[in-house]
Amino acid sequence: KAGVTQTPRYLIKTRGQQVTLSCSPISGHRSVSWYQQTPGQGLQFLFEYFSETQRNKGNFPGRFSGRQFSNSRSEMNVSTLELGDSALYLCASSSGQLTSGVYEQYFGPGTRLTVT
Amino acid sequence: GNSVTQMEGPVTLSEEAFLTINCTYTATGYPSLFWYVQYPGEGLQLLLKATKADDKGSNKGFEATYRKETTSFHLEKGSVQVSDSAVYFCALSDLSGGSNYKLTFGKGTLLTVNP
């Protein structure tokens, strides 16, 4: 099976712009989660989608939004970019079903966003 | 809320040395515990997991035991290799907290193994 793919891998944007990142989950997986990774804050949960519905959301401002399509692919959007949004954005894919008591999540390689 | 605290790095070891990376957690419910590894330029890979007290997760020579009494999940390996150089993250998910899809991570520990 192909793994989780994220596009683009690298992105440079200017303050005030908006950006859209894409994530394609493992075939058959219906859950996609997004995380932000920064040196200062570490890994922080953004949101999770299952069958096109947002099930859970982290503590991020409304500038961060996402959606999921019927083929389970997901996009996240950040509007009015700030310097502090520079980070590695990781997408994780899950079947959405418990496996041995846990929701196993498989991570993509991430999109490195630099805001100048 | 839930939180994970792991030892600050960086940790530098010689090849074949013994590794311990400490991890403790706070959770409102009964969490599942994980160790993830991140190699340079890559995403996170699940290294091992444990879902209940006294469970031992193991993979690639790494082990960690779920200790409910001390709320800990320390990562150990008896003999590290240069290829183990990476950042290690301890994480939990809490099925009872209504946010069971969410992983809460520690800050990460950078391990460097020298030949």
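Chain naming here is simple, since letters A, B, ... match the order of the sequence lines and numbering starts at 1 in each.
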Hey, quick one: are [X] and [Y] part of the same hydrophobic cluster, counting side-chain heavy atoms closer than 4.5 Å, chains of contacts allowed?
{"X": "B:V4", "Y": "A:L46", "result": "no"}
{"X": "A:M76", "Y": "A:F69", "result": "no"}
{"X": "B:L75", "Y": "B:V113", "result": "yes"}
{"X": "A:L113", "Y": "B:L44", "result": "no"}
{"X": "B:V87", "Y": "A:L90", "result": "yes"}

Less than 4.5 Å to any heavy atom of chain B: does that hold for the side chain of [X], its backbone, both, or neither?
{"X": "A:S33", "result": "side chain"}
{"X": "A:L43", "result": "both"}
{"X": "A:Q6", "result": "neither"}
{"X": "A:R112", "result": "neither"}
{"X": "A:E104", "result": "side chain"}

* ring pair (Phe, Tyr, Trp, His ring centres under 6.0 Å) with A:F107: which of B:F34, B:Y39, B:Y36, B:F89? ->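 For A:F107, the ring pair (Phe, Tyr, Trp, His ring centres under 6.0 Å) test succeeds with only one of B:F34, B:Y39, B:Y36, B:F89, which is B:Y36.
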* Checking heavy atoms, do the side chain of B:Q38, its backbone, both or neither come under 4.5 Å from chain A? ->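 Only the side chain of B:Q38 comes within 4.5 Å of chain A.
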* Region of B:K49 in contact with chain A, defined by heavy-atom distances below 4.5 Å ->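 Contact with chain A is through the side chain of B:K49 alone.
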* Asked: Roughly how far, to the nearest 0.5 Å, is the CD atom of A:Q44 from the NZ atom of B:K102?
  ->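 Output value for this atom pair is 9.0 Å.
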* Asked: Within a radius of less than 6.0 Å around CG of B:L110, do more than 12 heavy atoms belonging to other residues, nucleotides or ligands occur?
  ->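 Yes, CG of B:L110 has more than 12 neighbouring heavy atoms, counting only those of other groups under 6.0 Å.
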* To do: Answer yes or no: are there more than 12 heavy-atom neighbours, outside A:N71 itself, under 6.0 Å from its atom CG?
  =>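 Counting other residues, nucleotides and ligands, CG of A:N71 exceeds 12 neighbours.
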* Asked: Can you tell me if A:Y35 uses its side chain to pair, donor with acceptor, with the backbone of B:L103 under 3.5 Å?
  ->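 Between the backbone of B:L103 and the side chain of A:Y35 there is a qualifying donor-acceptor contact (under 3.5 Å).
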